[in-house]
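Order of listing sets the numbers, starting from 1, for every ligand and every atom in it.
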Amino acid sequence: MSISSFEDGARPPTRRTEAQNRPVLVVEDERDLAEEIRLELEASGHQVQLSETVDSALRAARSGVSVLVIDRILHGEDGLSIIETLRSEGNATPALVISALSTVDERINGLKAGGDDYLVKPFDIRELTARVQALLRRGGHTRLTRLEVGGLTIDLVERTARCDGKLIDLLPREFKLLEYFMRRPGQIVTRAMLLEDVWHFNFMAQTNVVDVQIGNLRRKLDPTGLRRFIVNIRAVGFKLDADP
Ligand code: CA
């Protein structure tokens, strides 16, 4: 059962744009993994094209794809060169880099090359699908590595969060939760949206997990309790106050 049927989370069906009807290009030379990604993306309703070399990936990307999923190491070549070449040609197709290279430096390299997101191997295949869908929703030209809202700042590359310049120690899930709100300042966020997009639950789940984590996040953002960054919207969900 889809979570969108939650009463408090009903969202209108999104109309697919022309770009979203183009295939997702998966560039990966490990065939088993490429196949696993293809099956998962197809199960989520995406067309998928596979490629395992830099040259064939460039040809496919130039002919028009919706999102690029690119492995770093492709038969000895660096997949980032695909993104660099496309960007130099003015091609802004969103790109998710997947790699076993997991250091902050490598993530920065991936983003500097023009990648829009970076996922470290091994990953949960559902996480990959969620990120591909996020890139599809965002479209091109929207890459952000830093978000600022009302005294809160997060760095998406370093995965750090600050409040009025002071570092906040967040667990990975808390960081994702905060990032989700900071991408939607002042917008109402329902529990169902959070369960689906932050927890990737696609089934009826205990919804108090959201309230518990939001409580934890609130205490970390403001131990004094004087500033309510995340406010409750009665019977609907939550909202990040842009000016608490
Ligand atoms: Ca590889």
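Here the N, O or S atom of Asp29 that is nearest to the Ca ion (ligand 1) is OD1.
Exactly one residue among Asp222, Asp164, Asp241 makes a side chain to side chain donor-acceptor pair (under 3.5 Å) with Arg227. That residue is Asp164. Of the candidates Val24, Leu50, Leu33, Arg38 forms a side-chain contact (heavy atoms from CB on, under 4.5 Å) with just one, namely Leu50.
Side chains of Ser56 and Ser51: a donor-acceptor N/O pair is present below 3.5 angstrom, by distance only.
Residue Ile73 counts as close to the Ca ion (ligand 1), with an N, O or S atom under 3.0 Å. At least one N/O/S atom of Asp71, from backbone or side chain, sits under 3.0 Å from the Ca ion (ligand 1).
Judged by a 6.0 Å distance limit and a 45° cone about the ring axis, Arg184 is positioned over the six-membered ring of Tyr180.
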